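Remember, it's a predicted structure, so these values are computed and weren't measured experimentally. Here is the naming used below: chain letters follow the sequence lines, and residue numbers restart at 1 for every chain.
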Amino acid sequence: MSRANSKRLEFGGYIDRTQSLQFKFNGRDYVGFQGDTLASALMANGVNVLSRSFKYHRPRGIQNRGYADVTSLIQIAGINESPNILASVQPLYEGLEASSVNCWPSVSFDIGSIFGAFSPILPVGFYYKTFMWPNWHAFEPLIRRAAGFGKAPRRAPAGQFLSRFDHCDILVIGAGPAGLMAALTAAKSGARTMIVDEMTQPGGSLLYSKSELEGRFAIDWIARTVDELKSMDHVTCLWNSTAWGYQEGNMVCVSERAPIPEELISRNWKIWAKQVILATGAIERPIVFENNDVPGVMLCSAVMEAVQTYGVAPGTRAVLFTNNSSAYEILPYLRAADIELAAIVDTRSDVELDTVIGKDNSSVEVLLGASIQLVIRAGKRVKGVVVHAQDSSGKEKKGKIECDLVCVSGGWNPSVHLFSQSRGTLRYDDNIASFVPDQAVQATHCAGAITGEMSVAGCLKSAVNTGSKALSRIGIQAAPISIPEVSNGDHTDYQVDPFWSSTAGYKRVKAFVDFAGDVTVFDLKLAIQEGFDEIEHLKRYTTTGMGLDQGKTANVNAIGIIAFHLDCHPSEVGTTTFRPPYTPVEFGSIAGSQTGDVVLPYRHTPMTDWHRAHGAVMYEAGARWRRPGYYQMEGESMNEAINRECYAVRNHVGIYDGSPLGKFIIRGEDTEKLLNLIYTNSFSGLKPGQGKYGLMLNEEGLVFDDGVTFRIDDDQYLLSCSTGGAPAVERKLDKFINVECPELNVIITPVTSQWANATVCGPLARQMLQSTESDIDWSREVLPFMHVVEGIIAGMPVRVFRVSFTGELSYEINTPSRYGLKLWRYLIEVGQNWDICPVGSEANHVLRVEKGFLSLAHEVDGIVDPIDLGHGWMVSRNKNDFIGKRSMEIRRQSQPIRQELIGLLPKDSNQLISEGAPIAPEDKQALSEGFVSACVWSGVLERTIALGLLTDGRSRIGETVLAWDQGEPLSLEVTRPIFYDAEGIRLRM
Amino acid sequence: MLLIHCPWCGLRAETEFRCAGPVKPPRSEFIDKSDEAWLEYLYQADNRRGILEEYWCHEKGCGEWFKLRRDTATHEIMDGDTDS
């Protein structure tokens with residue numbers, strides 16, 4: 001491979017040239033070195049174009065460094081496939097496979113780039129204006145394909161995400177000169193210190209700087225400082241870790257990525273810090289001129305990093321374009337990389353050239369008061385620039401300079417994102433022509449370049465001062481620390497003259513403000529013309545700074561351009577609020593291991609294994625409980641299984657697992673008072689062993705839950721409620737006794753999963769239970785309906801409740817959960833002689849509909865009161881108060897006619913109707929007057945039956961109504977809501 | 001995310017708690033008032049910007065109920081309630 005590493009310098013760079021790494025990009029093989037990023041390796045291999053731009057599909061290469069290089073978007077393939085990775089931060093590893101995003105069919109020939117040719121049709125607000133009619137959804141698939149970034153992976157990643165919490169005294173964000181120094185100050189003073197940096201190597205701008213600290217290379221000082229920090233137990237260093245969200249409570253979210261995503265992809269930290277020091281530095285600002293996105297236009301810092309850190313020469317002949325003094329630092333780097341400097345174009349007129357250039361560069365052509373107006377491109381690379389300048393007599397001159405690299409510096413923007421996220425305010429600083437932190441709202445401090453301090457020496461000093469201040473806030477005395485001396489190439493004389501954009505006004509040529517979102521100067525002007533002259537509106541209308549960029553490079557230029565066009569000062573334009581995340585964060589990283597079943601685990605009864613082994617189809621029964629829906633035997637359909645189970649309960653004996661039913665033990669002298677408050681009916685005078693069915697309302701006077709409460713003995717009651725409603729009942733009761741009626745002397749203990757429940761029901765249930773090995777007298781006289789008894793079955797302690805949800809003679813046998821499976825097996829075995837049949841929730845549903853028993857979320861849909869349900873007899877007239885009484889009375893005064901529970905018999909006795917089908921007159925304009933809440937095939941009645949709610953239903957019994965099922969009208973006869981054993985003889989046997 | 005002081009467990013993460021709304025007078029004081037007064041008590045929330053006293057429950061911890069004062073604009077927690 002002759003072209004391999006053709007741009008790599010012979011010497012230099014902090015890469016390990018002994019360790020070469022094979023990788024693939026867009027299907028081609030390349031070689032890089034250990035220590036490369038994907039971007040530097042591609043640059044070294046002469047790969048010019050990494051991606052296509054978002055809107056116009058223009059070719060884009062490396063422009064910036066680190067997370068600010070928002071155009072180096074690529075997609076990584078493999079078991080942990082991920083779109084939207086920046087090549088500039090992705091460490092190279094053996095076997096890495098990546099491809100460009102946003103290109104079709106390929107990066108070098110892109111169909112979408114015709115959008116560029118027809119760009120007048122894609123102005124700002126294009127989507128809003130064009131795709132409103134007739135309907136956005138018609139256009140969406142086309143637009144999504146043409147726009148958008150990478151492709152969402154088809155499979156979940158093989159690797160894991162984790163999430164964790166931590167606490168510290170001082171959290172330092174950024175490990176450049178200021179961050180390292182601040183962390184050292186905190187750590188040496190004994191504070192629990194954490195320092196995070198988004199890059200794999202700490203050091204920030206010092207990594208490529210030629211500055212010397214204490215007379216040694218900056219990189220040595222970094223290594224020594226990091227070693228010192230790591231040697232202390234109370235210090236945690238996180239590299240390759242982005243602080244992406246600064247939340248209330250001084251909590252910072254940090255996403256720590258594995259450099260090579262294998263088993264662990266990333267880990268999200270939520271760090272509460274007593275004090276936060278932001279040492280997030282500054283990002284170099286591009287200059288806006290026409291074609292400023294052509295590959296070969298790079299920021300000075302990116303060129304310096306390429307040369308110094310990766311030993312790559314990004315070009316052969318350069319033009320330097322700047323409005324500030326820091327850019328002149330690049331000169332020795334260009335020399336080292338053997339890059340010829342064709343000219344320096346400085347927008348400022350009065351520059352002390354001797355100071356900024358030095359004697360040995362005096363031969364370079366320097367154009368002062370000049371600007372680049374246009375980049376000329378050849379294919380997909382810079383070929384030259386058009387420069388506007390004035391000659392000594394002040395006459396306008398325009399000239400062309402040939403080059404393949406344009407090094408740009410528009411000044412430095414402090415990275416104020418996290419400060420703004422913390423709700424701190426920003427201030428425009430004229431000295432640096434950018435925004436700096438103003439007032440902190442949380443325990444936040446700033447050190448280094450974020451404050452506008454651009455010299456290394458100044459950053460170090462500011463870090464020590466800020467560190468000491470933060471420490472003093474938490475009562476720690478800062479240990480004395482010496483500030484390293486800085487020599488060689490520190491830009492102490494940083495001066496910047498704001499230069500927002502060159503305004504040659506070539507038609508059809510674009511000058512980009514936001515590279516990630518393809519927003520141009522023209523777009524901003526157009527938006528202002530259309531009346532969007534407020535920064536928050538401009539941002540949203542043009543999408544400036546909204547995408548991947550998140551204001552890293554685009555915002556300040558946009559604000560400057562807007563200020564220029566509105567003829568005001570940038571501070572009057574102001575900034576938008578920065579919001580998390582600072583850089584893209586995977587959803588997986590936020591969720592950590594809390595995915596799938598782990599978020600809301602299923603609850604299983606002790607008998608689950610038996611159910612599964614016997615053909616149970618498991619259903620979710622509410623509150624995450626899993627219960628058998630029905631037990632399917634071989635060759636049997638679902639309906640046949642349900643009918644068989646129902647038949648068993650009605651004719652001999654069935655058994656079902658009722659363990660998930662909500663259960664609470666209530667104790668204390670005011671228990672009766674509490675029950676009288678939470679139920680509509682009276683619970684006074686319940687004797688030990690007795691139970692009662694109760695309806696529970698919410699304070700709005702609507703039915704909230706129902707269930708049976710037994711008095712177990714003198715001082716404890718057992719309250720049961722619906723399976724799905726148990727968590728809500730628990731919360732409600734808990735709040736009631738703690739907040740609303742704290743004077744009640746009661747203790748409520750949830751015991752749902754402490755007890756397993758096997759319910760034996762059917763006309764032969766008593767006979768069967770009498771043959772168990774037990775000390776319980778099962779007779780009607782000793783254990784009548786709505787009574788409870790304690791005893792022993794086959795050596796297992798049990799509580800037996802005579803409650804019936806099926807309408808048959810029924811015993812709910814509760815045993816401590818550990819005996820649940822044993823008891824179940826025992827009852828199944830004893831029951832063989834009676835042909836006992838395990839029954840699932842489907843059959844239970846049929847049986848309760850036959851009886852007209854209520855079911856939460858069917859008839860009890862949150863807007864009914866007891867009278868609607870025909871349970872007016874359960875609303876006590878003697879009680880002064882119960883929860884919901886007052887509101888129910890008020891509601892009924894103004895709304896006497898309401899929807900009421902009724903039974904429904906389809907005219908076609910085989911017709912099943914969907915649950916929820918509305919009941920409405922034939923006239924399609926008429927209002928609905930109710931709905932079908934349940935419809936089942938009843939084996940005992942040999943026909944379908946239904947329950948429903950119908951306006952004024954109880955006075956309409958005998959009428960015929962229409963239910964509309966999928967648009968089909970079906971005739972139903974209105975009946976009483978009970979179809980079987982209306983007198984209730986069977987359940988009281 | 002807030003750190004909340006549970007009177008029983010000390011400082012814990014907000015995700016362990018449930019906010020049960022602003023502190024209201026007990027229902028017994030309103031149950032006999034006019035319909036309007038009762039409905040107002042039931043449905044009208046102050047939704048104040050500024051310092052608000054709220055009920056919180058350490059639901060995924062010890063289950064303790066307590067009141068705390070929180071600034072709804074800044075999320076600053078003024079003090080915990082120690083006697084509940």
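Among B:Ala20, B:Pro26, B:Cys57, the residue making the largest number of heavy-atom pairs under 4.5 Å with chain A is B:Ala20.
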Hey, what donor-acceptor pairs show up under 3.5 Å between chain B and chain A?
{"unit_1": "B:Met1", "atom_1": "N", "unit_2": "A:Gln247", "atom_2": "OE1", "d": "3.0"}
{"unit_1": "B:Met1", "atom_1": "N", "unit_2": "A:Glu248", "atom_2": "O", "d": "3.0"}
{"unit_1": "B:Met1", "atom_1": "O", "unit_2": "A:Trp272", "atom_2": "NE1", "d": "2.9"}
{"unit_1": "B:Ala20", "atom_1": "O", "unit_2": "A:Lys735", "atom_2": "NZ", "d": "3.1"}
{"unit_1": "B:Arg27", "atom_1": "NE", "unit_2": "A:Glu699", "atom_2": "OE2", "d": "2.6"}
{"unit_1": "B:Arg27", "atom_1": "NH1", "unit_2": "A:Asp881", "atom_2": "OD2", "d": "2.8"}
{"unit_1": "B:Arg27", "atom_1": "NH2", "unit_2": "A:Glu699", "atom_2": "OE1", "d": "3.2"}
{"unit_1": "B:Arg27", "atom_1": "NH2", "unit_2": "A:Glu699", "atom_2": "OE2", "d": "3.4"}
{"unit_1": "B:Arg27", "atom_1": "NH2", "unit_2": "A:Asp881", "atom_2": "OD1", "d": "3.3"}
{"unit_1": "B:Ile31", "atom_1": "O", "unit_2": "A:Arg886", "atom_2": "NH1", "d": "2.6"}
{"unit_1": "B:Lys33", "atom_1": "O", "unit_2": "A:Arg886", "atom_2": "NH1", "d": "2.8"}
{"unit_1": "B:Lys33", "atom_1": "O", "unit_2": "A:Arg886", "atom_2": "NH2", "d": "2.7"}
{"unit_1": "B:Asp35", "atom_1": "OD1", "unit_2": "A:Arg886", "atom_2": "NH2", "d": "2.8"}
{"unit_1": "B:Trp38", "atom_1": "NE1", "unit_2": "A:Ser887", "atom_2": "OG", "d": "3.0"}
{"unit_1": "B:Glu59", "atom_1": "OE1", "unit_2": "A:Arg731", "atom_2": "NH2", "d": "3.0"}
{"unit_1": "B:Glu59", "atom_1": "OE2", "unit_2": "A:Arg731", "atom_2": "NE", "d": "2.8"}
{"unit_1": "B:Glu59", "atom_1": "OE2", "unit_2": "A:Arg731", "atom_2": "NH2", "d": "3.4"}
{"unit_1": "B:Trp65", "atom_1": "NE1", "unit_2": "A:Asp734", "atom_2": "OD2", "d": "2.8"}
{"unit_1": "B:Thr74", "atom_1": "O", "unit_2": "A:Arg423", "atom_2": "NH2", "d": "3.1"}

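Around the CD1 atom of A:Ile747, the shell of radius 6.0 Å holds no more than 12 heavy atoms that belong to other residues, nucleotides or ligands.
Taking A:Ala726 as the reference, A:Cys721 meet the side-chain contact (heavy atoms from CB on, under 4.5 Å) condition, with sequence neighbours excluded.
Of the atoms belonging to A:Leu677, it is side-chain heavy atoms, and not backbone ones, that fall under 4.5 Å from chain B. Contact of B:Leu3 with chain A is made through backbone and side chain together, with heavy-atom distances under 4.5 Å.
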